[in-house]
Each structure stands twice: as structure tokens, then as C-alpha cells.
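Treat the numbers as computed from the prediction; the structure is a model and nothing was measured. Numbers restart at 1 for each chain; the letters A, B, ... are given by sequence-line order, proteins then strands.
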Amino acid sequence: MGTLSTPLISLPIQANPEAPTVKSDNRNRLVFSLIEQCTSLRHLKQVHAHMLRTGLFFDSYSASKLFTASTLSPFSSLEYARKVFDEIPEPNLYTWNTLIRAYSWSTEPSESVRNFLRMLCESPYFPNKFTFPFLIKAATKLSRLGVGQVFHGLVVKSSFGDDVFILNSLIHFYASCGDLDLAYRVFVRISEKDVVSWNSMISGFVQGGCFDKALELFRELEAENVKPNAVTMVGVLSACTKKKDLEFGRWIRLYIEQNGIKMDLTLSNAMLDMSYLIMTWLPMWVTLVCKIYV
DNA sequence: GTAGGGTTAG
């Protein structure tokens, strides 16, 4: 298998990219593998140049591979990714979604919405189940209730109203906009809730200052035999801390130990916050952090 | 043919 230590210039140029063969499939796989191995923008640009020379870039699936790397790689920039996207003659739906996702994570979430509208106008594609979580994420970052509600309407009209990923995004969106009533209405209508549904609603209640409702929901989760995880416990601990409910906080500490909830840094920090209220927790927190990181 | 959601405080 080739590596980036092999100069890309040594790769033979495919004479006719329009005629796929077993040999060309192997060549494509080599290029995809090189994309995955890129460790700098310079490497990625080398692969990009090679794909332009061989014509591989003009295959929409191959172009999507390069574009995804240009948006996800820690060394890349959205500016370069955007240039890559603009060169793709006919971006497929996956590539459009990747562009919308990239902007939803960025400091320009409005570009996510703008490019979604471009996709509707300029491409033959309609949004799919992957498009909406990115759009709702952008609306959440924009804190625009009206924008998110438009997406919610589209979700229902597009028959994705049962998709738990999309509905969980909507719970988080409505709670972030401060509309806990709408968030809860989405939550109760999910027919097959998963742990993220519960976590989204519990943390939504905590962020909205409804600590009792958060703890009540945790008891409901228990009654429904849903297995909580570290994120659930961060929400519940946060509610106890803010409510200064030491008794429930102690119970939660035991619950985490007895149920083998996997500790991570965020949960350790949430326990530390609680430990300011219960100083006896401090030695335990230090021990836990040492176990994880030392 | 590739993919999507939730977490602490400061």
C-alpha cells in the first residue's frame, strides 16, 4: 500500500478515467487511502492535484471523499474546503450534507442555512434524514426559534417525523431556545426513545432551571428500565448541585458506583462541582481522575 | 458507496 512518503507524482496517470476497470478501482482505493492518511493541508492538496490531473476529482463519489477530508481534518480550513466544494462539477447529496454540516459546526452557522437553500435551488436533491440534524444544529447555534420551526415543519412534511436522531436534535434545539414546553412535546411524542432522548430532555430542564423536573425525569427513566450513561449522570448531578440537594447527590454518587457508569472527564468535573457541597467527595474525585489519567 | 443527535462551570 502506498503511503505519503511515496511521492504522489510517481503514481501513473490514468489514461481514461471514464472507463473503470479492476485496475482503476485499485487505483481509486489507493487514492482514498492516501486521503485518509493525510496529516497536513499540503498532503491533502497534493492528493487534490493528483485527482485533478487524473480526472478522478470529476467523479462525484471520489470528490466527496476529498471534500469530507477537507472539512473534517484538524489541519484543514473551511476556506479551503469551500474552494474544493466550488470546484466539484456536480456535488452529490452526501457532499451537500457535508457542506451543511461543516458550516453548522463553524462560527458561521447561517452559511449552513444559506447553502441548504442553494442545494434546493441548484441541485436535483431534496434533504434526507442526514440533512436535518445539521440544519437543526445550525438553528440551535443561531438561537433562531423561527428558523428551527421551519425545519421542524419540513421534517414532518418530508416523512422524517419518526427519526429519533432528528427528534433528539429538536429537543435540544427547543430547550436551547428556552422553549421547554415545545421540547417536552417533542420528547413525549417519540415512540421509541433512546438514552439520548432522555439526556436531551434532562439537560434541557437543567439548563432551563427546572431542576425538580430533571430529577423527576431521571426517576421516570429508571422506571422505564432505560440504562443511563455518563451524560445522563452529568445532567442529574448538575440538577442536584444547583438545587443544593445533598441527599440526592449522595444517592447519585452511589448509583454511579453501583451501576458501573463509565467515568469521563465531564462527569468527574460534575462530581467535583458537587464535591464543593459535600467536601468528603474530594478525595474520591482525585482518586477517580488519577485512575483515568495517570 | 460514504454520514446524523445529548453533557460540567467559568
Side-chain angles (χ1 to χ4, degrees), chain A residues 20 25 28-29 32-33 35-36 59-72 91-102 104-105 112 116 125 127-141 148 151-152 155 158 160 162-176 183 186-187 190 192-207 211 214 217-218 221 226 228-242 249 252 256 261-277 281 285 288-289:
Chain A
D25 278 354
N28 295 354
R29 271 197 286 273
F32 299 158
S33 166
I35 291 173
E36 284 169 12
D59 164 61
S60 65
Y61 178 77
S62 306
S64 78
K65 289 278 188 189
L66 181 79
F67 180 63
T68 302
S70 75
T71 63
L72 291 181
N92 60 20
L93 181 55
Y94 174 90
T95 305
W96 277 105
N97 283 344
T98 305
L99 180 71
I100 293 165
R101 173 177 62 170
S104 76
W105 289 350
S112 193
F116 169 64
Y125 305 114
N128 65 3
K129 63 176 183 175
F130 297 104
T131 318
F132 286 107
F134 306 141
L135 290 172
I136 295 163
K137 174 88 170 174
T140 306
K141 285 187 82 172
F151 294 145
H152 192 172
V155 165
S158 312
F160 295 123
D162 292 327
D163 188 294
V164 74
F165 278 71
I166 297 173
L167 294 172
N168 291 345
S169 302
L170 283 168
I171 294 172
H172 179 62
F173 162 72
Y174 283 125
S176 293
V186 174
F187 173 77
I190 301 178
E192 292 191 18
K193 300 177 186 65
D194 63 13
V195 70
V196 179
S197 317
W198 291 88
N199 292 350
S200 304
M201 198 61 246
I202 288 172
S203 59
F205 277 139
V206 175
Q207 281 158 19
F211 311 126
L217 206 60
F218 175 69
L221 167 149
V226 178
N229 62 15
V231 180
T232 323
M233 304 323 292
V234 168
V236 175
L237 271 174
S238 180
C240 292
T241 306
K242 285 174 175 160
I252 290 295
I256 289 169
I261 308 280
K262 202 177 170 206
M263 292 295 294
D264 60 18
L265 185 60
T266 308
L267 183 52
S268 299
N269 285 342
M271 288 182 83
L272 178 63
D273 291 332
M274 191 74 195
S275 77
Y276 283 120
L277 292 177
W281 281 27
W285 180 82
L288 281 168
V289 171

Visitor: May I ask you to verify whether the side chain of A:Asn229 and the base of B:dT7 hold a donor-acceptor pair under 3.5 Å?
Guide: no
Visitor: Please determine whether any donor N or O and acceptor N or O are separated by less than 3.5 Å between the side chain of A:Asn97 and the base of B:dA3.
Guide: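 When only heavy-atom distances are counted, A:Asn97 does reach the base of B:dA3 through a donor-acceptor pair under 3.5 Å.
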Visitor: Kindly state whether the pair A:Phe132 / B:dG4 counts as stacked, where counting means centroids closer than 5.5 Å and planes tilted less than 30° apart.
Guide: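 One would not call A:Phe132 stacked on the B:dG4 base.
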Visitor: Is the phosphate of B:dG1 approached by A:Lys65 (side-chain N or O, under 4.0 Å from OP1 or OP2)?
Guide: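 No, because none of the side-chain N or O atoms of A:Lys65 sits under 4.0 Å from OP1 or OP2 of B:dG1.
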Visitor: If I take atom CG in residue A:Leu66 and atom P in nucleotide B:dT2, what distance separates them, rounded to the nearest angstrom?
Guide: 18 Å
Visitor: Touch check for A:Lys129, heavy atoms < 4.0 angstrom, all strands: base, sugar-phosphate only, or nothing?
Guide: base
Visitor: Just how far, in rounded Å, is P of B:dG4 from CH2 of A:Trp105?
Guide: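 Whole-Å distance recorded here is 7 Å.
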Visitor: Heavy atoms under 4.0 Å, any strand shown: does A:Ile171 hit a base, just sugar-phosphate, or nothing?
Guide: nothing
Visitor: Given B:dA9, is OP1 or OP2 found less than 4.0 Å from the side-chain N or O atoms of A:Ser238?
Guide: yes
Visitor: Honestly, is A:Lys65 close enough over A:Phe32, meaning NZ or CZ under 6.0 Å from the six-membered ring centre and within 45° of the axis?
Guide: yes
Visitor: So, do A:Ile252 and A:Met274 sit near enough that their side-chain heavy atoms are less than 4.5 Å apart?
Guide: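 Answer no - side chains too far apart.
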Visitor: Is the aromatic ring of A:Phe130 within stacking range of B:dG4, meaning centres under 5.5 angstrom and planes under 30 degrees?
Guide: no
Visitor: Without swapping roles, check the side chain of A:Ser112 against the backbone of A:Ile100 for a donor-acceptor pair under 3.5 Å.
Guide: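 Yes.
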Visitor: For a quick check of understanding: with a heavy-atom distance under 4.0 Å over all strands, which category does A:Ser64 fall into, base, sugar-phosphate or nothing?
Guide: base
Visitor: Nearest whole Å is fine: how far is B:dA9 P from A:Met274 CE?
Guide: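 A:Met274 atom CE is separated from B:dA9 atom P by 13 Å.
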Visitor: Ignoring the backbone of A:Asn269, work out which of B:dT7, B:dT8, B:dT2 is nearest its side chain.
Guide: B:dT8
Visitor: Under the side chain to side chain contact (heavy atoms under 4.5 Å, CB included) rule, collect the residues that match up with A:Ala139, sequence neighbours excluded.
Guide: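 By the side chain to side chain contact (heavy atoms under 4.5 Å, CB included) rule, A:Ala139 matches A:Val147, A:Phe151, A:Phe173.
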Visitor: Looking at every strand, decide which applies to A:Val206 at a 4.0 Å heavy-atom threshold: base, sugar-phosphate, or nothing.
Guide: nothing
Visitor: Between C1' on B:dT7 and NZ on A:Lys242, what's the gap in Å once rounded to a whole number?
Guide: 11 Å
Visitor: Check this for me: does the side-chain of A:Asp163 come within 3.5 Å of the base of B:dG4 through a donor and an acceptor?
Guide: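 Side chain to base: pair present.
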Visitor: Whole-Å distance between B:dG4 P and A:Phe151 CZ?
Guide: 19 Å
Visitor: Whole angstroms only, please: what is the CZ-P distance between A:Phe32 and B:dA3?
Guide: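 From A:Phe32 CZ to B:dA3 P: 14 Å.
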Visitor: Among the nucleotides B:dA3, B:dG1, B:dT7, which one has an atom lying closest to any side-chain atom of A:Asn128?
Guide: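 Of the options given, the side chain of A:Asn128 lies nearest B:dA3.
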Visitor: Heavy atoms under 4.0 Å, any strand shown: does A:Phe134 hit a base, just sugar-phosphate, or nothing?
Guide: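 Sugar-phosphate contact only - A:Phe134 comes under 4.0 Å of backbone atoms but never of a base.
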Visitor: What does A:Ser169 touch in the nucleic acid at a heavy-atom separation under 4.0 angstrom: a base, only the sugar-phosphate, or nothing?
Guide: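 Since only primed, P, OP1 and OP2 atoms lie under 4.0 Å of A:Ser169, the category is sugar-phosphate.
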Visitor: Whether A:Arg101 contacts B:dA3 is assessed here as follows: a side-chain N or O lying under 4.0 Å from the phosphate OP1 or OP2. Is that the case?
Guide: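 For B:dA3, OP1/OP2 do not have a side-chain N/O of A:Arg101 under 4.0 Å.
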Visitor: Among B:dT2, B:dG4, B:dT8, which nucleotide sits nearest the side chain of A:Tyr61?
Guide: B:dT2
Visitor: May I ask whether A:Tyr94 stacks on the base of B:dT2, given the cut-offs of 5.5 Å between ring centres and 30° between planes?
Guide: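 A:Tyr94 vs B:dT2: stacking yes.
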Visitor: With distance as the sole criterion, is a donor-acceptor pair present between the side chains of A:Asn128 and A:Thr131 under 3.5 Å?
Guide: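 Yes, because at least one side-chain N or O of A:Asn128 sits under 3.5 Å from a partner of the opposite role on A:Thr131.
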Visitor: Whole Å only: how far is the CZ atom of A:Phe67 from the P atom of B:dA3?
Guide: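 Atom-to-atom, A:Phe67 to B:dA3, this comes out as 16 Å.
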Visitor: Do the rings of A:His152 and A:Tyr174 sit parallel, tilted or perpendicular, given the 30° and 60° boundaries?
Guide: tilted
Visitor: When you compare the side chain of A:Trp105 with that of A:Phe134, does any pair of heavy atoms fall below 4.5 Å?
Guide: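 When only atoms from C-beta onward are counted, A:Trp105 and A:Phe134 do not touch, as no gap falls below 4.5 Å.
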Visitor: Measure CG/A:Leu272 against C1'/B:dA9 and give the value in whole Å, please.
Guide: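 Taking CG of A:Leu272 and C1' of B:dA9, I get 10 Å after rounding.
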Visitor: Remember a base hit wins even if backbone is also touched, and classify A:Glu36 as base, sugar-phosphate or nothing at under 4.0 Å, heavy atoms.
Guide: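 Touches nothing.
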